[in-house]
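Predicted, not measured: the structure shown is a model, and the values here were computed from it. Atom set for the values below is all heavy atoms of this structure, side chains included, hydrogens, waters and symmetry mates excluded.
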Amino acid sequence: MHELNEWPEESELVVCTVEDVKDFVAFVRLDEYENKKGLIHISEVATGWIKHIRDFVREGQKIVCKVLNVDADRGHIDLSLKDVNDHQRREKIQEWKNEQKAEKWIGFVANDTGADLHTITEAFYSSYGLLYPAFEDIVISGEATLTKFGFSKQVNDALLVVANENVKIPKVTITGTLVLSSTKPDGVNIIRRALRSAQPKIDDVDIELTYFGAPNYRVKVTAPDYKRAEKAIEKASRSAIGVMERAGDTGKFVRKQKAKSA
């Protein structure tokens, strides 16, 4: 929830609750801006000719609108429903739900630790513009993220617990095959060294090796996004092949298609 004196910006997407519907206008409450009201003219409800506005909006309905104009002096906000597509609506509703969750989590931390709720909220807004992304970052980077806020250890510990218990970071998985061949008497040990080097320690990345039968070894990398996954699998395969080549043997990497997000 934004501060009482804050107003939305033009072109911003806002979550609204329909409070009253007249023949040519719908009056709404902006859920993210406490005590702020807005209106949607019938011409902004849907494209084309509209016979009955209630065919499109009704009291109590939760909708996503685009801000057309803000007149803070008059306390007036013009909104458009037709300028928001389905994809934007779904993303905005999800963001709004996530922000509501994050507000509750901060409330839990404040109650448990005696910390000032406003101080935590402002610190998150200052760094991220929203609350939920701060909790995502806490799950991903832990202490590295919390340190920059300057909270007490008690608050940091409480935020870490709440984040890890409630936030699930999307993961992606990619796979490939390492083909490692050795003609040396100690070839088994060379391959073992190569496989060990194919599991470098990378933050937020899990690298799993599976024996498929000589000379094939599957490499499975799970990471928060494809960019990090690609870098990790490249580093892992390059390290393993390097070990093989330095021993005078051969190695190659065969890339597989991207797997679905987890």
Side-chain angles (χ1 to χ4, degrees), residues 13 15 64 84-106 124-125 127-149 156 159-180 191-244 251-262:
L13 297 183
V15 177
V64 176
V84 181
N85 61 42
D86 287 342
H87 176 72
Q88 291 172 318
R89 179 184 58 79
R90 286 193 297 269
E91 281 204 335
K92 181 60 186 179
I93 288 293
Q94 187 58 57
E95 176 190 288
W96 174 69
K97 288 180 177 179
N98 285 342
E99 287 298 285
Q100 286 189 310
K101 294 175 187 175
E103 285 180 10
K104 290 181 180 179
W105 299 338
I106 293 174
F124 284 4
Y125 275 137
S127 294
Y128 296 91
L130 294 167
L131 302 177
Y132 190 82
F135 283 101
E136 288 184 313
D137 220 6
I138 290 170
V139 172
I140 293 171
S141 302
E143 291 295 333
T145 293
L146 290 165
T147 300
K148 66 184 179 184
F149 297 123
N156 283 351
L159 287 169
L160 191 59
V161 169
V162 169
N164 285 324
E165 286 181 349
N166 294 284
V167 178
K168 181 180 179 182
I169 302 298
K171 297 282 187 179
V172 298
T173 299
I174 60 176
T175 61
T177 300
L178 276 170
V179 183
L180 308 177
I191 290 174
R192 283 176 179 168
R193 289 200 304 273
L195 292 174
R196 281 199 299 270
S197 71
Q199 291 184 293
K201 297 294 183 182
I202 304 174
D203 289 343
D204 312 322
V205 175
D206 180 62
I207 300 175
E208 178 184 335
L209 298 177
T210 305
Y211 178 56
F212 267 14
N216 300 315
Y217 302 84
R218 189 180 75 158
V219 185
K220 177 182 175 183
V221 172
T222 304
D225 55 64
Y226 280 120
K227 185 176 180 180
R228 270 185 273 191
E230 293 285 2
K231 285 185 177 180
I233 204 166
E234 180 183 346
K235 182 176 181 180
S237 59
R238 190 170 60 242
S239 297
I241 293 170
V243 170
M244 300 300 295
K252 69 176 181 177
F253 178 67
V254 181
R255 186 73 171 82
K256 299 294 184 182
Q257 287 187 329
K258 294 177 180 178
K260 294 181 179 180
S261 299

If you look at every heavy atom in G251 and I241, which pair is closest and at what distance?
-> O-CG2, 3.6 Å
Nearest heavy-atom pair of P224 and V172: which atoms, and what distance?
-> C-CG2, 4.4 Å
If every non-hydrogen atom of G142 is compared with every non-hydrogen atom of L160, which pair is closest and at what distance?
-> CA-CD1, 4.1 Å
Step by step, work out the side-chain contact (heavy atoms from CB on, under 4.5 Å) result for V221 and E230.
-> CA-CA 8 Å; V221 172; E230 293 285 2; over 6 Å; no
Y217 and L209, any side-chain heavy atoms less than 4.5 Å apart = no
Picking from I207, T175, T177, L195, what satisfies side chain to side chain contact (heavy atoms under 4.5 Å, CB included) with V219?
-> I207
Out of curiosity, Q100 CD to L131 CG, how far, rounded to the nearest 0.5 Å?
-> 11.5 Å
Stepwise salt bridge (charged side-chain N to carboxylate O under 4.0 Å, His left out) test for K231 and E234 = CA-CA 5 Å; K231 285 185 177 180; E234 180 183 346; over 6 Å; no
Which pairs with one or both residues in residues 135-147 pass side-chain hydrogen bond (donor to acceptor under 3.5 Å, both in side chains), sequence neighbours excluded?
-> Y128-D137
Interatomic distance, I106 atom CD1 to K101 atom NZ [nearest 0.5 angstrom] | 14.5 Å
Separation between CG of L130 and OH of Y125, rounded to the nearest 0.5 Å = 7.0 Å
In sequence, state the C-alpha distance, the side-chain angles, and the governing distance for F149 and L159, and then conclude on side-chain contact (heavy atoms from CB on, under 4.5 Å).
-> CA-CA 11 Å; F149 297 123; L159 287 169; 5.6 Å; no
Tell me, yes or no, whether the heavy-atom count around K148 atom NZ, taken from other residues, nucleotides or ligands under 6.0 Å, exceeds 12.
-> yes
Taking all heavy atoms of S197 and all of V243, pick out the closest pair and write down the distance.
-> OG-CG2, 3.5 Å
Stepwise side-chain contact (heavy atoms from CB on, under 4.5 Å) test for R196 and R192 | CA-CA 6 Å; R196 281 199 299 270; R192 283 176 179 168; 4.1 Å; yes
Look at the aromatic rings of F135 and F124 and report parallel, tilted or perpendicular, splitting at 30° and 60°.
-> perpendicular
Roughly how far apart are R228 CZ and I174 CD1, rounded to 0.5 Å?
-> 12.5 Å
Under the side-chain contact (heavy atoms from CB on, under 4.5 Å) rule, what do F253 and V179 come out as? Steps first, then yes or no, please.
-> CA-CA 6 Å; F253 178 67; V179 183; over 6 Å; no
At what distance, to the nearest 0.5 angstrom, does CG of L13 lie from CZ of R89?
-> 12.0 Å
Residues Y132 and E99: closest non-hydrogen pair is N-OE2, 2.8 Å
For residues A163 and V139, report the shortest heavy-atom separation together with the two atoms involved.
-> O-CG2, 3.4 Å
